[in-house]
Each structure stands twice: as structure tokens, then as C-alpha cells.
2 protein chains.
Amino acid sequence: MAESKKEQAPNGGSGGTRRRGDVLENAILQAAWDELVEGGYNRLTMEAVAVRAQTNKTAVYRRWPNKAQLVIAALVKFAPKPSLEAADTGDLRTDVLTFLQGILEPLQAIGPETIHGLMSEYPGKEHPMSKPLPPRSEDALFAAMKSIVGNAEKRGELQPGHLSERVISLPIDLLRYEMLTTHGQVSEDIIVQIVDELFLPLVRAKSRAD
Amino acid sequence: MAESKKEQAPNGGSGGTRRRGDVLENAILQAAWDELVEGGYNRLTMEAVAVRAQTNKTAVYRRWPNKAQLVIAALVKFAPKPSLEAADTGDLRTDVLTFLQGILEPLQAIGPETIHGLMSEYPGKEHPMSKPLPPRSEDALFAAMKSIVGNAEKRGELQPGHLSERVISLPIDLLRYEMLTTHGQVSEDIIVQIVDELFLPLVRAKSRAD
DNA sequence: TAGAGTACGGTACGTACCGTACCTTATATG
DNA sequence: CATATAAGGTACGGTACGTACCGTACTCTA
């Protein structure tokens, strides 16, 4: 990145550019993300983030009231996002498999430790907004699964409107569950199992039952 | 030489009997469980446990090296256990429903905060044994589900040996997932959904496919 | 039953981290 | 240039962890 700024003189006196606003905010978030990647959620401390960003805790606390909020902000900005544009290959199995494989890596990047830490520390009862996991109706991954199913319906591979929300979100739910309970070591075989042993049989059972 | 009155009466009042061994250990575990129930995992401190057990931190740390281990021990001893003797009513749906409803309450009693806290703090990479969640092959709940399925096979409701482990553990996995992601507010409707929209259709799909 | 080993009670300590208070200083904006 | 704003920086109070140390009660054995 642009290192065009003069860093501070050693005596801390005048001479260095003092970062403000978005520049400083981005530096803090970048530092938080780096700390998260290097040491994980538990070892991330506000002090370490401030030091890495070459600032101090005060500047951090001016923006985020606690560690959980800071980490969430860092995740929103830097965590790899799955592509929500689901591939439309003409085959439901392929579409679902590639979609799940596409969200596996971002999930791994965040890691179960961070999720558990956030869910553990976050005061969900008093601040119901901005949870680590949104409700199904606002879940972008669920929406993507719905569009995949919708594509299959359009091309006649599925009869329209017969899959319940539980069936549609089943692959995502199970993938997340595996993620949370296996210390992050989710192999791609598991995705294939979820699709071939659970999701596709359910889809076919539905279409045959009608 | 102070007034060294040595009370050796077992039901000693204050200042008399000094508890040891199992007596003290049980008192500490009881205190830990009470703290867990009252304040949850995050607010439980080793100091508070010691005070409640009318002892001191040293006695606690002599037995358990950290908070996570202490809480696990308290859970093993005091958390309500689901009955693993699955009912054999002659109907698979009823068996699974009652089984799931039977494990719902114990899961609620432990609560997601404790599980998240344990999963977050536990050094699972270095000590792979005695995890909060055992692998499927040693999971008592999975074994119970297998016996329920086995009963259905014996009475001819299912064709033997055709359900994969993923199908068998699906209800447990999803119930746990709901538990972890909904702050513990899992209604019984969800159990019915899991059974009627996912598990039973899968079971029927399997038997029709053969 | 004496003596030795063990483990509890109790206190104090060092570390780590949180979150805040307070002051100084740079800089954007009028 | 004047001023408000926000960054830099330090220090502090508070909580909790985990350990060290010591004196003492209890237990077990010779």
C-alpha cells in the first residue's frame, strides 16, 4: 500500500503525519484482522491491536466499545466473502456442491474459535441487533440457496414451491455445525456427503411424493 | 499455644472439621454448578467458586488446572442427563420425537453460552482428549439414535442397514445446531420439523429407493 | 501412639487484560 | 489565525487468572 506518509520522528514530537478518520480506522481494522489471523480470537487483545496499528487503545475504544464489536467490524471488512452469485450450471447437484465448496473456505478463514468467542462474549440478550449469525430470513447464504433451488425449478428439475425452508437451509446449517464442532477441519468429503446423502434424497423424496 | 480446641466431630460447626478428598471435591463441584446456573459461564470465576464452597482457590487449582476443566467436571457430575434408554413404542416417529424431546431439556440446562465458552477456551489442539463434544463414534446420543433405528428395523418398519450415519445423526446434529445458534430458545416445534420434514422423508426415501 | 506425610486454609503476589481518565498536541475547518 | 475536534500518550483502577508460600489439621502407618 501507499507508504507515502512520513512516519513520526523518534522523539514523538512534531514531524510525523497524524492519521485521522478513515485512515486510522482502516489501520486499526487491518491490525485487528492480522491479529485475528495470527493468534486467533482469544489471543487478540485491544492493546496488541493498538500497538500493531501504531496507535493506542484510546483510539480503538473511541470507535468500538469492546473486543467483540471490533472483531465483527474487522470481519465485515476483511474476512473473505463467499460469492453469493450461485453458479447456474444446469444441474442442481453441481450448483449446490460448488456453492458449498465456495463458502467452505471463507468459513475456515474465520474459524470456529472466533465464532465461539463471539457467541460466548456477545451480550445477545440486550443488544439483539448485529448478531454474529443473522436470522434465516436475512441470511445471505440462505438466500443464495433459495436462488439455486429456484433455478432448478425454472428449468424443470424440481417442481416449484415444494421444498420447505428447513430443507433448503439444511446444507448450510450442517456445514456450519461441522465447522463449529470439528475445530475447523471440515473436509470436502463432508460436503459431498451432505449433498448426496441428505439434500438430494430429500429433494427427490419431495418430488416423488407429489 | 493458643486455645487449640480440636473438634473432630464430623458435623462440625464453624472452625471445626476440615474437609478433605471427596467431600471437599463435591463441595467445589456443587459450588461451580451453582455459579454456572446463577450467572452463566462467563461470570463464573474461580474465586467465586472457592468462596461459595467455603474454601480457597488453591484447593480448586489442586484438582482442576483451569476454569474449563472445572466446568466440565461440574457438568459431568451435576448437569441433567438425557435418558439414553430410548422408548420402544412400536412407531419410529414417536420414538425419535420423544427421544429428541428428552434431550432438549438437558441441552437447555447447560445452555449455549457454556458450550460456546468451553469450545472457545478449550485448548483442543494440544489436548485432543476429553472434548466438550465427543466424536460420533463415542457419542452416547448417536448410539441411542442407532438403537432406535435398530428397533425399527427389527420390527420391519425399516429395511436393515440402509441408513447412513449422517442420516442417523442428522436430528441430533440439527438440534445441537439450533441450540448453539438461537441462544438456547429452541421450541418443540423445531423438533417436529426436523423429524417430519427431514428425518422421516429421508428414511422413507431410502426404503423406497431399494 | 508417635511421627511423618499429605492436603486444606489462608494470604499474598505477579501477570494479563479491560476499559477509562486525563492531558498534550496535531490538524482540519471556519 | 482561532477554535473545535480528534489523535497521541500515559497512567490508573478494576477484575480475574494462576502460583507461591506458610502454617496447620487430618490421616495413615510403623
Side-chain angles (χ1 to χ4, degrees), chain A residues 5-29 31-32 35-36 39-71 117-118 120-123, chain B residues 1-29 31-32 35-36 39-71 117-118 120-123:
Chain A
K5 296 182 184 57
K6 305 190 304 180
E7 291 306 323
Q8 81 291 351
N11 64 356
S14 56
T17 303
R18 183 174 283 190
R19 297 164 298 174
R20 288 185 170 248
D22 288 346
V23 178
L24 182 57
E25 178 162 326
N26 288 336
I28 295 172
L29 289 177
E35 287 284 321
L36 207 56
Y41 184 82
N42 289 326
R43 280 194 276 269
L44 179 148
T45 72
M46 302 299 260
E47 181 85 40
V49 170
V51 168
R52 187 188 277 260
Q54 300 187 71
T55 179
N56 48 58
K57 280 193 295 180
T58 315
V60 180
Y61 278 106
R62 280 198 193 101
R63 293 171 164 78
W64 302 278
N66 51 55
K67 172 171 158 176
Q69 301 273 2
L70 168 63
V71 167
L118 286 175
S120 167
E121 288 188 1
Y122 208 80
Chain B
M1 294 292 185
E3 55 283 54
S4 55
K5 272 304 176 189
K6 294 163 186 172
E7 289 192 36
Q8 296 185 350
N11 74 346
S14 60
T17 304
R18 181 177 284 191
R19 296 165 298 174
R20 291 185 167 250
D22 288 344
V23 178
L24 181 58
E25 178 162 326
N26 288 337
I28 296 172
L29 288 177
E35 288 285 322
L36 207 56
Y41 184 82
N42 289 327
R43 279 194 277 269
L44 179 146
T45 72
M46 301 299 260
E47 181 85 40
V49 170
V51 168
R52 187 188 276 261
Q54 300 187 71
T55 177
N56 48 59
K57 279 193 293 181
T58 314
V60 179
Y61 278 106
R62 282 199 192 100
R63 292 172 165 79
W64 302 277
N66 52 54
K67 173 170 159 176
Q69 300 272 3
L70 169 63
V71 167
L118 286 176
S120 167
E121 289 188 2
Y122 208 81

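Quantities reported herein were computed from a predicted structural model and do not represent experimental measurements. In what follows, chains carry the letters A, B, and so on, assigned in the order in which the sequence lines appear, proteins first and then strands, with residues in each chain numbered from 1.
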J.: Which whole-number value in Å describes the distance from A:Glu47 CD to D:dC12 P?
T.: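 Distance check: A:Glu47 CD to D:dC12 P gives 15 Å.
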J.: Rounded to the Å, how far apart are A:Asn66 CG and D:dT15 C1'?
T.: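 Interatomic distance, CG of A:Asn66 to C1' of D:dT15: 16 Å.
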J.: Starting at atom CG of B:Leu70, determine the distance to atom C1' of D:dG18, rounded to an integer number of angstrom.
T.: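 Atom-to-atom, B:Leu70 to D:dG18, this comes out as 14 Å.
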J.: Looking only at side-chain atoms of B:Tyr61, point me to the closest of D:dT19, D:dA7, C:dC18.
T.: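 Selected nucleotide (nearest to the side chain): D:dT19.
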J.: Starting at atom CD of A:Gln69, determine the distance to atom P of C:dG19, rounded to an integer number of angstrom.
T.: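 Nearest whole value for this atom pair: 11 Å.
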J.: Find the distance A:Lys67:NZ to D:dA16:C1' and express it as a whole number of Å.
T.: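 It is 14 Å, rounded to the nearest whole Å.
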J.: What contact category does A:Thr58 fall into here, base, sugar-phosphate, or nothing, at under 4.0 angstrom with non-hydrogen atoms?
T.: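 The answer is base, as A:Thr58 lies within the cut-off (heavy atoms under 4.0 Å) of a base atom.
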J.: According to salt bridge (charged side-chain N to carboxylate O under 4.0 Å, His left out), does anything in residues 58-68 of chain B pair up with another residue at least two apart or in another chain? List the pairs.
T.: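 Only B:Glu25-B:Arg63 qualify under salt bridge (charged side-chain N to carboxylate O under 4.0 Å, His left out).
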J.: Can you find a donor-acceptor pair, distance only, under 3.5 Å between B:Arg62 side chain and C:dA7 base?
T.: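 Flag unset: no donor-acceptor pair detected.
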J.: Contact class for A:Lys57 (heavy atom, under 4.0 Å): base, sugar-phosphate, or nothing?
T.: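 The answer is base, as A:Lys57 lies within the cut-off (heavy atoms under 4.0 Å) of a base atom.
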J.: Restricting to non-hydrogen atoms, name the atom on B:Leu36 and the atom on B:Val71 that form the minimum distance, rounded to 0.1 Å.
T.: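 Answer, listing the atom of B:Leu36 first, then B:Val71: CD2-CG1, 4.0 Å.
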J.: For B:Ala59 and B:Leu24, work out which heavy atoms get closest and say how close.
T.: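 The answer is CB-CD2, 4.1 Å.
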J.: Send over the distance from A:Leu24 CG to C:dA26 P, rounded to a whole Å.
T.: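 In whole Å, C:dA26 P and A:Leu24 CG are 16 Å from each other.
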J.: Nearest whole Å is fine: how far is C:dA7 P from B:Glu25 CD?
T.: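 Rounded to the whole Å, the gap is 12 Å.
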J.: From C-beta outward on A:Asn56, which listed nucleotide comes closest to its side chain: D:dT10, C:dG9, C:dG19?
T.: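 Among D:dT10, C:dG9, C:dG19, the one nearest the side chain of A:Asn56 is D:dT10.
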J.: In this structure, how many angstroms lie between the C1' atom of C:dA16 and the CD atom of B:Glu121, rounded?
T.: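 Between C1' of C:dA16 and CD of B:Glu121: 14 Å.
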J.: Quick one: are B:Val51 and B:Asn56 in side-chain contact, heavy atoms under 4.5 Å?
T.: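 The answer is no, as the side chains (C-beta and beyond) never meet within the 4.5 Å cut-off.
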J.: Do you know the tightest heavy-atom contact between B:Ala53 and B:Ile28?
T.: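 Looking at all heavy atoms of both residues, the shortest contact is CB-CA, 3.9 Å.
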J.: Taking for each residue the nucleotide of DNA chain C with the nearest heavy atom, is it B:Arg63 or A:Leu44 whose nucleotide lies nearer the 5' end?
T.: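 Here B:Arg63 is the residue nearer the 5' end.
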